[in-house]
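Worksheet: the structure to be examined is printed underneath.
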Amino acid sequence: MTLLLAGDIGGTKTILRLVKISDSSELKTIFEETYHSGDFLDLVPMVQQFLVKANSPTPEKACFAIAGPVVNNTAKLTNLAWFLDTERLAQELGIPLISLINDFAAVGYGIFGLTKQDILTLQVGKTKPEAPIAVIGAGTGLGQGFLIKQGNHYQVFPSEGGHADFAPRNELEFQLLKYLLDKHDIQRVSVERVVSGQGIVAIYQFLRDRKQATESPEIAQIVRTWEQQAGQAEKSVDPGAAIGKAAVLKCDRLSEQTLQLFIDAYGAEAGNLALKLLPYGGLYIAGGIAPKILPLIENSNFLLNFSQKGRMRPLLEEIPVHIILNQQVGLIGAALCAARL
């Protein structure tokens, strides 16, 4: 069995997992620990502390999923003053083979380590084994990527599709677009400004300011606190999560309307990605938001907005659409990527 180290490195927290992989490619977790990233000046002392606590020999291979772009085997984290270089990491940690990959690329690899219980199928479609696979995931931002089969394996390609233009499709969405342009004094609005955690808050503010429905005191206070903390690195509240929870519980009409508009836009953007790739291998919805609002997605117009593309509708109705329920898919992907080194 081969000993692997997998890591999911974010600006706020880092999860490290020690894994053994058998000859049959079965992964077995040996030890796992979560750290506050800001407590360390670099990844090296964190990993060293982790291996001591795990009482483990040095792993043979390692892969770290990074919340940010990876260029020429180096990465600078978006919200953390770390600069990572595979050559330096290998030398200082004594691990012969190390890879850095984008965190959303890790999600792509992780698909192949999921079980049936980790996935909810929204649309069965007609799977074509040789076709591309697409991944889209709303969380802090909006990640997008795709996988292409090459021989017996898939190669994962990250993308910056979340920064493409937001495309309104009806009067309300056109008004949302104008609201965001004016509010932020910007020349364009990316789809990530709408389909993400920050997008949920932006939609809520838009509907609130249009007096679409009366605010509840509880949600109003959370949103106001968040607005007052604008510009701070860490905020004491998470209005997106609060709005989503209130919508699921159906205890706040404005939150329900917010999530309805959010889910419509999410489905439409997933359909845009599907049009560009025709991923008959499956389109997977990742990210932290979808599992938390699962009842709303299942009972919404998500699939209608996904497939409502004029003459292309029959094509999109044949694409399998799945929601990833396992929030550690990126960590699974990092382990699988390490195994392939």
Side-chain angles (χ1 to χ4, degrees), residues 8-15 34-39 67-68 77-81 103 137-143 162-163 166 172-173 175-186 188-266 269 286-297 300 327:
D8 189 352
I9 303 174
T12 303
K13 71 175 182 178
T14 292
I15 307 173
T34 300
Y35 297 92
H36 187 268
S37 304
D39 291 343
L77 272 75
T78 306
N79 298 311
L80 198 64
D103 58 346
T140 304
L142 179 64
H163 295 286
F166 169 59
L172 186 61
E173 290 184 356
Q175 291 177 19
L176 172 61
L177 174 64
K178 187 176 187 309
Y179 174 87
L180 293 172
L181 289 169
D182 293 343
K183 181 180 178 66
H184 299 287
D185 191 22
I186 51 179
R188 62 180 290 274
V189 172
S190 70
V191 66
E192 183 177 82
R193 279 193 183 267
V194 177
V195 183
S196 63
Q198 64 175 327
I200 290 176
V201 183
I203 294 169
Y204 179 92
Q205 292 170 317
F206 162 65
L207 295 176
R208 175 198 67 191
D209 294 349
R210 291 179 78 250
K211 303 190 185 304
Q212 193 80 4
T214 304
E215 282 189 285
S216 71
E218 295 80 10
I219 302 298
Q221 181 58 50
I222 293 171
V223 174
R224 295 293 187 282
T225 300
W226 181 84
E227 290 171 335
Q228 291 165 4
Q229 295 175 348
Q232 296 182 16
E234 292 189 17
K235 297 180 173 62
S236 62
V237 292
D238 184 351
I243 293 165
K245 184 176 180 180
V248 171
L249 296 175
K250 299 186 182 301
C251 62
D252 177 51
R253 181 58 183 154
L254 188 55
S255 294
E256 290 181 62
Q257 292 178 345
T258 297
L259 266 294
Q260 181 180 337
L261 181 49
F262 169 81
I263 290 170
D264 286 351
Y266 201 168
E269 178 59 18
I289 294 177
K292 295 175 184 174
I293 61 168
L294 203 55
L296 299 180
I297 293 179
S300 71
Q327 292 297 283

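Counting begins at 1 with the first residue of the sequence. From a predicted model like this one, the values you see are computed outputs, not experimental measurements. All values below come from the heavy atoms of this structure, side chains included, with hydrogens, waters and symmetry mates left out.
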Subject >> Closest contact, heavy atoms only, Val237 versus Gln229 >> reply: N-OE1, 4.2 Å

**OP:** Measure the spacing between CD1 of Ile222 and CD of Glu218 and express it to the nearest 0.5 Å.
**Re:** 8.0 Å

Original post:
Would you call Glu227 and Arg208 a salt bridge, using N to O less than 4.0 angstrom?
Top reply: yes

**OP:** Search all heavy atoms of Ala202 against all heavy atoms of Leu180 and return the closest pair with its distance.
**Re:** CB-CD2, 3.9 Å

Subject >> Expected output: side-chain Glu192 to main-chain Leu142 donor-acceptor under 3.5 Å >> reply: yes

**OP:** Search all heavy atoms of Glu256 against all heavy atoms of Cys251 and return the closest pair with its distance.
**Re:** OE2-N, 4.3 Å

Original post:
Got a second to check how far Thr258's OG1 is from Ile219's CD1, nearest 0.5 Å?
Top reply: 9.5 Å

**OP:** Give, for atom NZ of Lys250 and atom CG of Leu259, the distance between the pair rounded to the nearest 0.5 Å.
**Re:** 10.0 Å

**OP:** Taking all non-hydrogen atoms of both residues into account, name the closest pair between Ser196 and Gly141 and its distance.
**Re:** CB-O, 3.7 Å

Subject >> Check: Leu261 and Glu173 side chains under 4.5 Å, non-hydrogen atoms >> reply: yes

Subject >> Separation between CG of Leu207 and CZ of Arg253, rounded to the nearest 0.5 Å >> reply: 10.0 Å

Original post:
Once you round to the nearest 0.5 Å, how far does CD1 of Ile243 lie from CD of Gln257?
Top reply: 12.5 Å

Original post:
Are any of the side-chain heavy atoms of Phe206 and Gln212 separated by less than 4.5 Å?
Top reply: no

**OP:** Can you see which heavy atom on Tyr204 is nearest to which on Ala220, and at what distance?
**Re:** OH-N, 4.0 Å

**OP:** Find out whether Val194 and Phe262 are in side-chain contact, i.e. whether some heavy atom of one side chain is under 4.5 Å from a heavy atom of the other.
**Re:** no

Original post:
Sub-3.5 Å donor-acceptor pair from the side chain of Ser37 to the main-chain atoms of Gly10, do we have one?
Top reply: yes

Original post:
Just how far is it from atom OG1 of Thr34 to atom CD1 of Ile15, taken to the nearest 0.5 Å?
Top reply: 4.5 Å

Original post:
Looking only at heavy atoms, which two atoms of Val201 and Gly240 are closest? And how far apart?
Top reply: CG2-N, 3.7 Å

